[in-house]
Amino acid sequence: MEKSKSVQDSVTEMAELVLPNDVNLLYNLKGGRLMHWIDIAAALTASRHSNLNVATVSVENLNFKYPIKLGEMVRLVAKLESVGNSSMKIQVTVYSENLQTGKVTMTNEAHLVFVALDENGRPSRVPRLHE
């Protein structure tokens, strides 16, 4: 295991297109679908930092600021906020992009905690963060 890594070493960006199966009756992206994508982006960041399997411990905060519409692109940017011995706090910022107008809106922000697991499923130490 490395002694330390930078935040930039594990930043993860994902993009998704909002399709008809992803929306509710108002043609807005379903909250549960977005939560699923947020969890994936955050887990990838935690795994990239720890180089281990990870498990979601908590979603500390999830704010829905603006709806995301059918046909828009969703961009999720996940980055480490802090690390403990085996835990990692991840911030995920969500942007929507209207592909016809090019307008980009920051729609959501979430904060999640993950724990790194060894091959036996036990918490395992993670690298420290450095600048």
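Side-chain contact between Glu72 and Glu97 is absent, with no heavy-atom pair separated by less than 4.5 Å. Contact annotation: the side chain of Val54 never approaches that of Val115 to less than 4.5 Å [non-hydrogen atoms, C-beta and beyond]. Contact check for Lys69 versus Ser96: no side-chain heavy atoms found under the 4.5 Å cut-off.
Remark: the backbone N or O of Arg48 is paired with a side-chain donor or acceptor of Lys5 at under 3.5 angstrom. Looking at Ser86, its side chain never comes within 3.5 Å of a backbone N or O of Gly84 through a donor-acceptor pair. Formation of a donor-acceptor pair under 3.5 Å by the Asn98 side chain with backbone atoms of Gly102 is not found in this model. Under a 3.5 Å cut-off, the side chain of Ser50 and the backbone N or O of Leu52 do form a donor-acceptor pair. Proximity of a side-chain donor or acceptor of Asn24 to a complementary backbone N or O of Leu26 within less than 3.5 Å is detected. At distances below 3.5 Å, not a single donor-acceptor pair connects side-chain atoms of Arg33 with backbone N or O atoms of Val23. The main-chain N or O of Ala78 is found under 3.5 Å from a side-chain atom of Thr45 such that the two form a donor-acceptor pair.
Atom OG of residue Ser4 and atom CG of residue Leu129 lie 8.0 Å apart, to the nearest 0.5 angstrom. Put simply, CG on Asp22 and CD on Glu16 are 8.0 Å apart, with the number rounded to the nearest 0.5 Å. Distance check, rounded to the nearest 0.5 Å: OG1 of Thr107 to CG of Asn28 gives 11.0 Å. Atom CG of Leu99 is separated from atom CG of Leu17 by 6.5 Å, given to the nearest 0.5 angstrom. For the atom pair Leu34 CG and Lys30 NZ, the distance stands at 13.0 Å (nearest 0.5 Å). Put simply, CZ on Arg128 and OG on Ser6 are 14.5 Å apart, with the number rounded to the nearest 0.5 Å.
The shortest non-hydrogen separation linking Ala116 to Val126 is CB-CG1, 3.4 Å. Here the closest heavy-atom approach between residue Lys65 and residue Asn108 is recorded as N-ND2, 4.4 Å. Between Met73 and Ala15, the shortest heavy-atom contact is SD-CB, 4.3 Å. Heavy atoms only, all atoms of each residue included: Val74 and Leu76 are closest at CG1-CD1, 3.9 Å. The two residues Phe114 and Ala42 come nearest to each other via the heavy atoms CE1-CB, 3.4 Å. The minimum heavy-atom distance linking Ala41 with Thr12 is given by the pair O-CB, 4.1 Å.
Residue Asn21 qualifies as open at atom CG: its count of foreign heavy atoms under 6.0 Å is 12 or below. For Met35, the CE atom counts as loosely surrounded, since its 6.0 Å shell holds 12 or fewer non-hydrogen atoms of other residues, nucleotides or ligands.
Applying the salt bridge (Lys or Arg N to Asp or Glu O under 4.0 Å) rule to Glu60 yields the partners Lys89; only residues at least two apart in sequence or on another chain are considered. Qualifying salt bridge (Lys or Arg N to Asp or Glu O under 4.0 Å) partners for Asp39, counting only residues two or more places apart in sequence or in other chains: none.
The hydrophobic cluster containing Leu62 does not contain Val57, counting ILVMFWY residues as joined when their side-chain heavy atoms lie under 4.5 angstrom apart, directly or transitively. Under the 4.5 Å side-chain contact rule for hydrophobic residues, Trp37 and Leu44 share a cluster. Note on Met14: it clusters hydrophobically with Ile38, by side-chain heavy-atom contacts below 4.5 Å among ILVMFWY residues. If you chain together hydrophobic residues whose side chains sit under 4.5 Å apart, Met106 and Tyr66 never meet in one group. Under a hydrophobic-cluster definition in which Ile, Leu, Val, Met, Phe, Trp and Tyr are linked whenever side-chain heavy atoms come within less than 4.5 Å, directly or via other members, Phe64 and Ile68 are assigned to the same cluster.
Contact check on Glu13 versus Arg75 returns a salt bridge, with a Lys/Arg side-chain nitrogen under 4.0 Å from an Asp/Glu carboxylate oxygen.
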- Task: List the steps, then state whether side-chain contact (heavy atoms from CB on, under 4.5 Å) holds for Val83 with His49.
- Result: CA-CA 10 Å; Val83 298; His49 180 73; 3.7 Å; yes
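Grouping Ile, Leu, Val, Met, Phe, Trp and Tyr by side-chain contacts under 4.5 Å, direct or through others, leaves Leu25 on its own.
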